[in-house]
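Written below as structure tokens is the structure these notes are about.
Just so you know, these numbers come straight off a predicted model, no measurement behind them. Whatever order the structure lists them in is the order used to number ligands and atoms, beginning at 1.
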Amino acid sequence: MSTTYLVKGVSVLGADPTDLLVRDGVVAEAGASARGAQVVDGAGLVALPGLVDLHTHLREPGREDAETVETGSRAAALGGYTAVCAMANTSPVADTAGVVEQVWRLGREAGLVDVQPIGAVTVGLAGQHLAELGAMADSAAKVRIFSDDGHCVSDPRLMRRALEYVKAFDGVIAQHAEEPRLTEGAQMHEGEVSARLGLTGWPAVAEEAIIARDALLAGHVGARLHVCHVSTAGSVDVIRAAKAAGVRVTAEVTPHHLLLTDERATSYDPVFKVNPPLRTQTDVTALRQALAEGLIDIVATDHAPHAVEDKECEWAYARPGMLGLETALSIVLDVLGPDWELIAQRMSRTPARIAGLAEHGHTPAAGAPATFTLVDPAARWEVDPTGSASRSRNTPYAGMTLPGRIVATFLRGEPTVLDGKAVK
Ligand SMILES: [Zn+2]
């Protein structure tokens, strides 16, 4: 029999304090007996539906020195997540039923979050031939999101065929929007700072042009498009127009694009190298506004662990990418403030809906799955890379003091985090 938990005096989404009795994987009805329950002190804490990340790199199989499904899952649980979607750019690439089932099984074995594999759109992410999308959808992993993330599906004919294919089972193509011919040799955002540093720039239009093209293709096909890591003000305008035209498009923004700008590149510290690159303050302001309005639907981390030798080297040779799972909620709290309803929408309910994860995104209340997280909004903490549960250390927030601390996370009634520590 599983342990019963009584979370006492917790505020659900900022409402007046209440008790949550967790039994048999669900939140029990009011008035149910709490006899024998293990008490969790919820005073001063806010309960949120477990967070759902649509964009996580877990690096297994292939780069277990940077992250494994287990270590990434633990970092996710400590960040308040109960489900993550694992990107396909592993080695081998997750472009077959066999690989997505392997990742899915590793996630179940770790048992810390639900790991939902994303399948590659093209074989080997090479952009030449469609991968076996149907076999991945029919596999035990039940893949519904497909992405070549790290690479753009730049061939418009392949993109159209992928959209047509996934429409049959209401799948979605998640696009890393980057016109490769416009970003050859790019090291950072193309603008005043790149000109000053003499580094080759990644122009905003390389992202905006692909989003515009894909929105037109998705509208033409009538299929679902999801735009990964939107980073420019111009992209927001394109998405606004596409949504107004009735295109089935959703979009994500990362915590780092909501907070950091291309000025960070002046340090030449490769921890700030990321793809798409950090943009300008004008972009940051537009992204925050679009997230608040819902033009950008969700926050996704693009958690991208890298081994030390791939990151602590010269800027030009460093791999792009940053950690994000353990800091995402704190960054969002910092930039949006404690608007719990908005946070639940952008970090749990909507990503769960896009990914088709029916067990996630539910506000903890009687009868709902006990899949939630408890955050202490008054706590402030200093980010220490050595304290991360990730196997990598490439956080851009080292030394920063952030608001909000995850105290506990429950997945189907079982704690994965208690007292701020991973249970296993
Ligand atoms: Zn990407």
- Can you tell me the N, O or S atom of His176 that's nearest the Zn ion (ligand 1)? ND1
- Message: Do Lys142 and Gln116 pair up side chain to side chain, a donor and an acceptor below 3.5 Å, judged on atom types alone?
- Response: no
- salt_bridge(Asp262, Arg264) N-O dist < 4.0 Å: no
- Message: Using 2.8 Å as the threshold, say whether any N, O or S atom from His55 sits that close to the Zn ion (ligand 1).
- Response: no
- With a cut-off of 2.8 Å, does any N, O or S atom of Asp149 fall short of it relative to the Zn ion (ligand 1)? yes
- Task: Please check if any side-chain donor atom of Ser194 sits under 3.5 Å from a side-chain acceptor atom of Gln187, or the reverse.
- Result: no
- Message: Could you check whether His229 and His176 have their ring centres less than 6.0 Å apart?
- Response: yes
- Please find out if the Zn ion (ligand 1) and some N, O or S atom of His229 are separated by less than 2.8 Å. yes
